[in-house]
Amino acid sequence: MAQVLPAEHDVRRIIGDGDGVADGEVEGLDDAALLDLYRAMVLLRTYDERSVVYHSQGRVGTYAIFWGHEAIQAGSALALADEDWIFPSYRESAIGLLRGMTPETVLSWWRGHPAGWWNPREFRIASITVPIATHVPHAVGYAWGARLKGESACALVYFGDGATSEGAFHEGANFAAVMRAPVVLLCNNNQWAISTPLSAQTRAEFLADKAAGYGMPGVRVDGGDVLAVYQATSEALARARAGHGPTFVEALTYRCAPHVTADDPTAYWDAQRVERERENECLGRYDRYLRRLGVLSDELAEDARDDALERMKSGIAAAEALPPPDPEVVFASAYVDPPPTLREG
Ligand SMILES: Cc1ncc(C[n+]2csc(CCOP(=O)(O)OP(=O)(O)O)c2C)c(N)n1
Ligand SMILES: [Mg+2]
């Protein structure tokens, strides 16, 4: 029988508040690694903020904002080894930037241009998945396959709180535990599934408790604390690589932007809560932590921001310079025998 482990209920935190709560540290992260995390967060933040502007200018289509989720994304992605695979949802559309993908590629995806679909093997990142949770079994299957082949690669799959109500999530999680697949199930619990609040999503007190039902550890971590996410993901990966199977990581945050650019959250959210959450957002928290440590200067911060802005500027220019796609592409691989109505068109 698998051992059923109680989930961690305390939310893990490393970054203090510069006042009563002391700063901690993560073993094995030197100053250079701390700054890599910072630059990764700045790159994601800049990508996100510029994308909202490009959307308002009609230069990218509907866009899923991830403002405030950068700590979850950078903290987990930078804990991976190069050989590990990432399975993103639309909320992590720009995760490839942390593996050398250009903004041009991601912007092209949001422009509906075929140049936005990369070869997953090139970056070890699967395609962005929009159907909720369907990529959980993909990640588990990949991880199980790698284990069967005697490889040491793991998989990291991102999904939201809403995804935990989907059949595909349960099938994937159960299969991962039964097969001891080396996979990290990373739930971005931003407490909303579009306009559905977490309270209407589940009667479970904590999402991490679901892990016990599959016989895997469940960890709760402050999703606004990049170091806590890094540490929890690193431990889950070490466990997976040692042959002990999957871990469910619940990264707690609060979505303080619209679900996507097409959404009007003022119809359903608590504006005061949003204001409080924005004041405590993850990049500012990490910036202040690094300055307390004496690791970050104005110059380094400015350099990270300028570099990210420059990449975005050339990224959108390159995406807009691409020739329009051939409409034929939509149908080329869709049918063995195109229906007569299409042939006529
Ligand atoms: C299978 C499926 N059902 C419904 C939708 C419509 N839909 C798009 S986003 C979303 C909410 C998902 O919420 P959550 O899993 O919490 O992720 P978040 O958007 O908060 O990151 C829904 C229901 C979809 N994309 N796929
Ligand atoms: Mg959500």
Side-chain angles (χ1 to χ4, degrees), residues 11 44-45 47-48 51-52 55 60-77 86-96 106 109-110 112 125-140 156-173 184-211 218 220-224 229 233 248-270 273-274 277-278 281-282:
V11 175
L44 290 176
R45 172 65 56 90
Y47 180 92
D48 187 73
S51 290
V52 173
H55 171 76
V60 298
T62 300
Y63 167 68
I65 302 153
F66 56 77
W67 198 96
H69 295 63
E70 298 89 346
I72 299 177
Q73 299 181 11
S76 53
I86 299 175
F87 292 76
S89 83
Y90 51 83
R91 194 67 71 203
E92 297 80 27
S93 65
I95 203 79
V106 192
W109 194 87
W110 289 106
I125 302 178
S127 293
I128 298 164
T129 305
V130 176
I132 306 300
T134 55
H135 57 314
V136 177
H138 302 169
V140 173
L156 168 66
V157 57
Y158 295 102
F159 52 90
D161 43 302
T164 63
S165 299
E166 288 282 351
F169 162 74
H170 296 283
E171 290 158 17
V184 182
L185 303 166
L186 205 162
C187 178
N188 135 44
N189 179 5
N190 62 13
Q191 308 189 47
W192 291 102
I194 314 184
S195 57
T196 301
L198 185 65
S199 57
Q201 192 70 248
T202 179
R203 293 280 176 232
E205 193 176 1
F206 302 115
L207 290 179
D209 285 339
K210 292 181 188 261
R220 299 185 82 219
V221 59
D222 182 342
V229 176
T233 312
F248 180 92
V249 179
E250 175 190 353
L252 204 65
T253 182
Y254 189 84
R255 204 196 75 216
C256 36
H259 167 68
V260 294
T261 46
D263 176 38
D264 175 11
T266 60
Y268 59 84
W269 75 9
D270 168 356
R273 166 96 195 254
V274 170
E277 296 285 346
R278 288 184 82 95
E281 58 79 26
C282 60

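For ligands, and for the atoms within them, numbers begin at 1 and follow the listed sequence. Hydrogens, waters and symmetry mates play no part in the numbers below; they use all other heavy atoms, side chains included.
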Show which atoms of ligand 1 fall inside a sub-4.0 Å distance from at least one heavy-atom site of His259.
9 (S), 19 (O)
Any side-chain heavy atom of Ser76 sitting closer than 4.5 Å to one from Val184?
no
Provide, to 0.1 Å, the distance between atom 5 (C) of ligand 1 and the closest protein heavy atom, together with that atom's residue and name.
Ile132 CG1, 3.9 Å
With respect to the Mg ion (ligand 2), please indicate if Trp192 possesses an N, O or S atom at a distance under 2.8 Å.
yes
Side chain Arg91, main chain Ile65, donor-acceptor under 3.5 Å:
yes
Which ligand 1 atoms are under 4.0 Å away from a heavy-atom of Pro131?
26 (N)
min-distance protein heavy atom vs atom 21 (O) of ligand 1 -> Arg91 NE, 3.0 Å
For atom 1 (C) of ligand 1, decide whether some protein heavy-atom distance is shorter than 4.0 Å.
yes
Just going by heavy-atom distances, which of Thr134, Ile194, Thr164 is nearest to atom 22 (C) of ligand 1?
Ile194
Taking all heavy atoms of Pro88 and all of Tyr158, pick out the closest pair and write down the distance.
CA-CD1, 4.2 Å
Heavy-atom donor-acceptor pair, His135 side chain to Ser127 backbone, under 3.5 Å:
no
Tyr268 and Asp263: side chain donor to acceptor below 3.5 Å
yes
So which protein heavy atom does atom 3 (N) of ligand 1 come closest to, and at what separation?
Glu166 OE2, 4.0 Å
Taking the side chain from His170 and the backbone from Thr164, do they hold a donor-acceptor pair closer than 3.5 Å?
yes
Identify, for atom 15 (O) of ligand 1, the protein heavy atom at the shortest distance, and state residue, atom and that distance.
Ala163 N, 3.0 Å
Check this for me: does any side-chain nitrogen of one of Asp161 and Arg255 sit under 4.0 Å from a carboxylate oxygen of the other?
no
One finds that the ligand 1 atoms under 4.0 Å from a non-hydrogen atom of Asn188 are 21 (O)
Here the pair of heavy atoms bringing Trp110 nearest to Ala64 is CH2-N, 3.4 Å
Tyr90 versus ligand 1: do any nitrogen or oxygen atoms come within less than 3.5 Å of each other?
yes
Might you point out which heavy atoms bring Glu166 and Ala133 nearest each other, and give the distance in Å?
CB-CB, 3.7 Å
Hey, which atoms in ligand 1 end up nearer than 4.0 Å to a heavy atom of Asn190?
18 (P), 20 (O), 21 (O)
Look at the rings of Phe159 and Phe169 and say which category their plane angle falls in: under 30° parallel, 30 to 60° tilted, over 60° perpendicular.
tilted
N, O or S atom of Asn190 closer to the Mg ion (ligand 2) than 2.8 Å:
yes
Numbered atoms of ligand 1 (with element) below 4.0 Å of Gly162, judged on heavy atoms:
14 (P), 15 (O), 16 (O)
Give a yes/no verdict on whether any heavy atom in Arg255 is under 4.0 Å from an atom of ligand 1.
no
